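If you're wondering where the values come from, they're calculated on a predicted model, not measured in any experiment.
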Amino acid sequence: MAKKIQAIRGMNDLLPAQSPVWQYLEGSVKEMLAGYGYDEIRMPILEQTALFKRSIGEVTDIVEKEMYTFEDRNGDSLTLRPEGTASCVRACEEGGLLYNQTQRLWYTGPMFRHERPQKGRYRQFYQVGVETFGIATPDIDAELILMTARLWQQLGLSDAVTLQLNTLGSNQARADYRDALVAYLKEREDKLDDDSLRRLETNPLRVLDSKNPETQALLQDAPELHDYLDAESREEFDTLRKILDAAGVKYEINQRLVRGLDYYCKTVFEWVTDKLGAQGTVCAGGRYDGLVEQLGGKPTPAVGFAMGVERLILLLETLEVIPPEVMQTIDLYVCGVGAGADLAGLLLSDRLRSEQPWLRIQTHCGGGSFKSQMKKADKSGAVYALLLGESEIEAGQVTVKDLRGGTEQQTISQDELLGWLTDNMS
RNA sequence: GUGGCCGUAGCUCAGUCGGUAGAGUCCAGGAUUGUGAUUCCUGUUGUCGCGGGUUCGAUCCCCGUCGGCCACCCCA
């Protein structure tokens with residue numbers, strides 16, 4: 001036997017047993033987005049490496065050590081997208097969607113980061129990204145948050161997630177604060193752990209959410225972000241909070257919430273859960289007013305967020321809130337035994353499909369004993385088995401057997417079957 | 001990238017203080033030659049992750065490697 005080739009580490013197959021759950025989640029999300037008037041956009045999963053370096057930030061972990069970057073046959077440096085926002089901005093700019101317009105967009109698909117896999121974290125993982133462009137006021141920030149809150153409600157996740165909220169201020173305010181924080185920490189460099197020292201160089205704001213107790217103690221007297229906020233950001237944050245309060249969305253102000261990517265400013269938020277171990281962020285985003293300009297476009301305000309599909313699915317499974325009907329993918333299973341059964345089964349299914357296209361019918365193929373066909377009917381999850389034996393075929397009848405309830409099976413004519421099904425299945 | 005635990009049948013796992021393996025489940029057939037989910041019987045399934053070392057002999061001990069899980073880091 002030849003040696004088996006296995007999937008790349010951290011890149012998982014989605015097996016058929018799982019896909020109904022994915023379809024359920026994706027379906028719910030798409031329906032909600034349509035209800036808010038958001039349009040789908042699709043981008044390639046490969047981009048020029050420079051796009052991510054310029055947007056995410058040269059010295060972030062993502063760019064420094066997590067990107068799948070390689071040279072193509074022309075010698076160009078290409079990268080599998082580690083996130084969607086940069087591609088989306090690029091595509092919008094290229095497609096002329098940002099010229100004096102507002103856009104509300106969404107996309108979904110795989111992202112790639114070369115990290116060590118663990119629960120809720122994979123090298124190929126799926127996000128649903130939502131981005132809005134051209135709206136500077138915090139009402140749109142609120143809309144995005146309200147939208148996610150509604151989604152959790154619909155999916156039954158509301159009790160398991162909490163909203164963390166913060167504002168980073170304008171890009172200027174953020175930069176000023178950053179300098180102040182760095183100055184403060186530099187004076188106390190000897191008391192910082194290795195991780196924090198590294199962050200001091202790469203992404204100083206991240207020192208704020210260090211898990212090290214000594215570092216946290218040190219931060220007690222550190223400059224506060226809110227003291228550096230510009231008046232505009234402060235007002236907008238207040239407005240956002242008022243809207244959330246009025247809509248009854250609970251949140252926790254977390255001054256230490258700074259987000260990892262360089263392009264964020266003003267509003268940042270994260271939906272987190274304590275049900276998934278270390279990877280508890282299930283949805284996160286914020287405002288990135290400077291990014292479009294940074295990528296060569298006209299200054300354009302923008303806010304967006306991304307949801308981690310695998311994490312949401314893990315959460316749905318952990319909480320056992322997946323509606324049972326989601327897993328039921330077949331309504332009828334057609335069994336046939338004896339002479340002419342194969343033909344009769346296919347023809348009966350065919351007729352049902354023509355007249356009642358909403359029915360999900362699996363026709364037994366491949367022969368086998370009646371017993372094994374019944375087993376397969378049961379395993380398929382179908383509600384009814386339609387049985388075709390020699391006597392039924394001869395008489396133009398079919399036996400309908402209830403696989404789930406206690407109803408007695410009955411043999412009726414195939415002509416009556418349609419009426420019977422509409423009476424009993426809708 | 002760092003650390004801990006773990007790789008035995010398709011799946012869940014037992015086991016051998018070193019003498020090349022077993023249970024449940026699943027699948028197929030039968031008891032019931034046309035009735036599943038409960039019962040009973042019969043049967044199939046393995047380079048014991050891969051490579052090397054020690055040994056007369058390694059699934060077991062040692063080293064390496066690949067993979068999985070969890071945590072750190074980072075992030076959705």
To the nearest Å, give me how far apart NE2 (A:H364) and P (B:rG36) are.
15 Å
Residue matched to B:rG34 through Watson-Crick or wobble contacts both under 3.5 angstrom:
none
What does B:rU2 pair with, Watson-Crick or G-U, if both distances are under 3.5 Å?
B:rA71
Ignoring hydrogens and angles, are the base of B:rU35 and the side chain of A:Q409 linked by a donor-acceptor pair under 3.5 Å?
yes
Which part of the nucleic acid, if any, lies within contact of A:K379, taking any heavy atom under 4.0 Å across all strands shown: a base, the sugar-phosphate backbone alone, or nothing?
sugar-phosphate
Can you tell me, in whole Å, how much space there is between the P of B:rC17 and that of B:rC62?
15 Å
Taking B:rU2, B:rG36, B:rC27 as options, the one with an atom nearest any side-chain atom of A:R116 is B:rU2
Measuring from the side chain of A:K119 (C-beta onward, heavy atoms only), which nucleotide among B:rU35, B:rA76, B:rA71 has the closest atom?
B:rA71
Take the protein atom CZ of A:R123 and the nucleotide atom P of B:rC73, then report the distance between them rounded to whole Å.
18 Å
Would you mind telling me which of B:rC73, B:rC75, B:rG36 lies closest to the side-chain atoms of A:L403?
B:rG36
B:rA76 P sits how many Å from A:Y107 OH, rounded?
10 Å
Is the A:W106 to A:Y36 ring centre distance short of 6.0 Å?
no
Listed nucleotide nearest any side-chain atom of A:A278, set B:rG36, B:rC72, B:rG34
B:rC72
Tell me: CD of A:Q164 to P of B:rA76, nearest whole Å?
14 Å
Classify the side-chain pair A:D193/A:T215 by whether it contains a donor and acceptor separated by less than 3.5 Å.
yes
Over how many whole Å does the gap from A:Y333 atom OH to B:rG36 atom P extend?
14 Å
Could you check which of B:rG34, B:rA76, B:rC26 has an atom nearest any side-chain atom of A:E115?
B:rA76
Heavy atoms only, 4.0 Å cut-off, all strands: where does A:R259 land among base, sugar-phosphate and nothing?
sugar-phosphate
